[in-house]
Amino acid sequence: MPYNIGKMDKNILRQVLADNAKLIGRLDVMPREYNVETDKNYIFTGVRRAGKSYMQYALIKKLLSEGYSMNDILYMNFAELYRNNKLAV
């Protein structure tokens with residue numbers, strides 16, 4: 001049964017955040033220079049397969065290498081939940 005995003009179970013949100021943190025830890029990304037400020041919030045939008053996720057992974061890896069922890073970074077990707085019909089809008 002899909003979950004309504006407005007009434008999302010906190011355990012599902014915790015699991016998404018934990019899964020995303022594990023994924024980022026396993027990724028091997030090529031460092032690239034992006035002009036972003038670390039004290040700002042960003043939303044990346046664009047067409048499919050344009051590199052939005054890759055750019056986010058690279059930025060997160062850079063922050064981690066600079067001493068930030070995953071507790072300092074909020075990365076949420078709900079695509080897997082949508083694909084598996086566990087989340088509905």
Side-chain angles (χ1 to χ4, degrees):
M1 174 175 183
Y3 293 92
N4 183 306
I5 198 164
K7 298 178 183 176
M8 180 182 287
D9 184 328
K10 289 179 185 178
N11 292 322
I12 291 174
L13 182 56
R14 285 186 187 104
Q15 188 62 50
V16 167
L17 293 172
D19 290 347
N20 289 337
K22 287 180 202 170
L23 168 72
I24 300 225
R26 292 191 309 258
L27 292 174
D28 184 27
V29 296
M30 200 174 198
R32 295 188 178 150
E33 206 50 48
Y34 298 105
N35 294 322
V36 295
E37 298 175 46
T38 57
D39 62 343
K40 303 290 181 190
N41 298 311
Y42 292 92
I43 297 173
F44 299 101
T45 63
V47 297
R48 288 176 46 86
R49 314 258 328 143
K52 299 177 299 292
S53 295
Y54 186 89
M55 181 173 65
Q56 292 173 62
Y57 300 149
L59 289 169
I60 291 169
K61 288 284 210 178
K62 181 180 180 213
L63 290 172
L64 293 172
S65 74
E66 292 174 355
Y68 290 88
S69 77
M70 283 305 292
N71 290 330
D72 300 318
I73 301 166
L74 178 62
Y75 170 74
M76 297 189 310
N77 182 350
F78 294 101
E80 193 64 33
L81 291 176
Y82 282 116
R83 279 193 290 273
N84 294 327
N85 293 322
K86 292 183 180 176
L87 186 66
V89 179

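Keep in mind that the numbers below use all heavy atoms, side chains included, and drop hydrogens, waters and symmetry copies. This structure is a prediction, so every number in the text was calculated from the model and none was measured. The residues of the chain are indexed from 1 along the displayed sequence.
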- prompt: Sequence neighbours excluded, which residues qualify as side-chain hydrogen bond (donor to acceptor under 3.5 Å, both in side chains) partners of Arg26?
  reply: none
- prompt: For Val47, does its backbone N or O pair with a side-chain atom of Lys52 as donor and acceptor, under 3.5 Å?
  reply: yes
field: Over 12 non-hydrogen atoms of neighbours within 6.0 angstrom of NZ in Lys62
entry: no
- request: Please round to the nearest 0.5 Å and tell me the distance separating atom CZ of Phe44 and atom CE of Met55.
  value: 4.0 Å
- request: Over all heavy atoms of both residues, which pair between Val36 and Tyr42 is shortest? Give the atoms and the distance, please.
  value: CA-OH, 3.6 Å
Rounded distance [0.5 Å steps], CD1 in Ile60 versus CD1 in Ile73: 5.5 Å
- prompt: For Tyr68, does the OH atom have more than 12 heavy-atom neighbours from other residues, nucleotides or ligands under 6.0 Å away?
  reply: no
message: With rounding to the nearest 0.5 angstrom, report the CG to CG distance, Leu64 to Leu59.
response: 11.0 Å
message: How about CG on Asn41, more than 12 heavy atoms from neighbouring residues, nucleotides or ligands closer than 6.0 Å, or not?
response: no
